[in-house]
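What follows is one structure encoded as structure tokens, with my remarks underneath.
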2 protein chains.
Amino acid sequence: MASRALKYYYDLLSQPSRALYILLEQTKIPFEKCPVALRKFENRSSEFVQNVNRFGKLPCIIHGDFKLAESIAIFRYLSREFQLEDRWYPKEGADRARVDEYLEWQHANIRAQCAQFFIYSWITPLLGMEVNQAKVDRLRANMIECLDVFEREWLDEGRKPFVAGKELSFADVVAACEIEQPKLAGFDPRVGRPHLAAWMERVRVATNPHYDEAHKILYKFTPKEIETPKV
Amino acid sequence: MASRALKYYYDLLSQPSRALYILLEQTKIPFEKCPVALRKFENRSSEFVQNVNRFGKLPCIIHGDFKLAESIAIFRYLSREFQLEDRWYPKEGADRARVDEYLEWQHANIRAQCAQFFIYSWITPLLGMEVNQAKVDRLRANMIECLDVFEREWLDEGRKPFVAGKELSFADVVAACEIEQPKLAGFDPRVGRPHLAAWMERVRVATNPHYDEAHKILYKFTPKEIETPKV
């Protein structure tokens with residue numbers, strides 16, 4: 001199965017694209033890099049929609065002739081096809097369920113809140129559209145509340161080193177890639193959240209050099225008042 | 001493992017609560033029914049948050065002493081612990097991935113759009129708050145666009161009988177329970193979508209009598225101009 005060619009379509013400015021990129025590099029799965037530029041709307045071209053991903057989104061894969069979208073679904077598929085180590089996705093019932101619980105919870109929480117704030121406050125002015133400050137404030141407040149829940153419930157105020165417990169899993173990579181994103185829009189999620197800050201650094205160290213490689217473009221565009229690693 | 005007591009906390013007015021209820025009944029998993037009244041905010045009581053689900057949401061389970069939230073994560077956990085038949089969650093790589101792809105895609109699409117429309121146009125007036133008609137119209141338009149994508153991409157305009165292909169899976173149950181919800185707010189998703197209407201009826205027939213049992217309360221509160229089964 002693993003001998004079929006695996007093509008990975010991604011843009012490192014997309015949070016889930018970075019998460020899967022880090023996983024693929026860390027696990028040494030052989031894959032062909034197929035970068036797609038969101039800023040040029042390449043993901044919405046009819047060629048892309050017809051031949052790569054019918055939803056016109058990133059990331060996605062083609063494995064042999066099997067096309068698959070949705071980063072979390074791709075992660076589960078890769079974990080079976082390439083028999084990934086337990087550390088990424090534990091096989092035991094309750095441990096696996098805790099990773100799954102995070103991966104489902106994040107959609108309407110960390111993913112939704114960090115992305116909505118980022119898209120509205122960073123992309124809107126980039127497109128030359130006017131920004132409503134009251135809306136930015138509301139989206140920031142929602143994101144702040146969600147980051148506080150994350151630190152309290154998922155990291156147990158620092159008593160849990162990783163999202164699903166004692167070990168790093170793919171849930172941490174997904175979470176960290178989402179929480180990096182608002183930095184681009186001038187919001188540092190680590191300020192006032194020491195447990196979250198320490199956890200982000202643990203995830204980075206545990207998955208480097210690929211974490212920094214995936215985030216190089218994000219570090220570059222982050223306003224200089226927010227500290228980022230030198231890479 | 002399966003001999004440990006399984007407690008299921010749910011409210012049949014919640015879409016994912018219905019989906020798991022139907023699965024539990026259809027698969028004959030022994031479970032204790034623990035209804036929780038959303039309308040009385042029982043899910044937000046400190047007793048519930050401390051002892052049942054730290055996020056104060058429904059549905060959730062306690063299996064022995066293991067607490068788990070998030071309906072899709074619970075589904076995966078049950079599929080392993082109770083070794084559910086392949087029909088609900090195929091074991092083969094590509095077939096399973098297609099079910100997973102839907103279960104991840106739906107969060108920011110069918111789930112988000114149908115629930116946002118329902119919550120704003122049905123719950124807001126119930127709480128005695130004023131409804132902004134322009135917002136209702138915008139949410140309805142987003143939902144309509146999403147339902148059209150669903151019919152086109154997931155049902156292939158009627159060429160696919162079920163979401164993940166030729167057979168019913170849990171993805172269909174999840175999708176149908178979400179798409180039922182806007183009926184409460186006077187929107188019939190079947191109008192102008194013959195393939196979606198036929199698929200909904202297939203899902204209902206395939207999972208009855210439990211589908212109707214789970215939806216009895218929804219049928220009761222649906223405005224009478226929208227046809228619902230007599231149960």
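Both the backbone and the side chain of Ala97(B) come within contact range of chain A, with heavy atoms under 4.5 Å apart. Contact annotation for Leu103(B): only backbone heavy atoms (N, CA, C, O) come within less than 4.5 Å of a heavy atom of chain A. Looking at Ala69(A), both its backbone and its side chain come within 4.5 Å of chain B, counting heavy atoms on both sides. Tyr102(B) does not touch chain A: none of its heavy atoms, backbone or side chain, sits under 4.5 Å away.
Taking CG of Asp100(A) as the start and CZ of Arg80(B) as the end, the distance is 6.0 Å to the nearest 0.5 Å. Between Glu70(A) atom CD and Asn109(B) atom CG the span is 7.0 Å, to the nearest 0.5 Å.
In the displayed structure, Glu167(B) atom CD is contacted under 6.0 Å by at most 12 heavy atoms of other residues, nucleotides or ligands. Counting non-hydrogen atoms of other residues, nucleotides and ligands closer than 6.0 Å to CD of Gln133(A) gives a total above 12. Residue Lys160(A) places its NZ atom among more than 12 non-hydrogen atoms of other residues, nucleotides or ligands, all under 6.0 Å distant. Enclosure of atom NZ in Lys28(B) is not indicated, since only 12 or fewer non-hydrogen atoms of other residues, nucleotides or ligands lie within 6.0 angstrom. For Lys166(A), the NZ atom sits in a loose shell: 12 or fewer heavy atoms of surrounding residues, nucleotides or ligands are nearer than 6.0 Å. Within a 6.0 Å sphere centred on CZ of Arg44(B), heavy atoms belonging to other residues, nucleotides or ligands number 12 at most. Sparse packing is recorded around CD of Glu145(B), with 12 or fewer heavy atoms of other residues, nucleotides or ligands lying under 6.0 Å away.
Between Phe55(A) and Val149(B), some side-chain heavy-atom pair lies under the 4.5 Å cut-off.
With respect to chain B, the highest number of heavy-atom pairs below 4.5 Å among Arg152(A), His107(A), Arg111(A) belongs to His107(A). When the candidates Val99(A), Ile74(A), Leu68(A) are compared by the number of heavy-atom contacts under 4.5 Å with chain B, Leu68(A) comes out ahead. Counting heavy-atom pairs closer than 4.5 Å to chain A, the top-ranked of the candidates Glu153(B), Glu104(B), Arg98(B), Lys57(B) is Glu104(B).
Of the charged side-chain nitrogens involved, none lies within less than 4.0 Å of a carboxylate oxygen, so that Glu81(B) and Arg96(A) do not count as a salt-bridged pair. Of the charged side-chain nitrogens involved, at least one lies within less than 4.0 Å of a carboxylate oxygen, so that Glu101(A) and Arg54(B) count as a salt-bridged pair.
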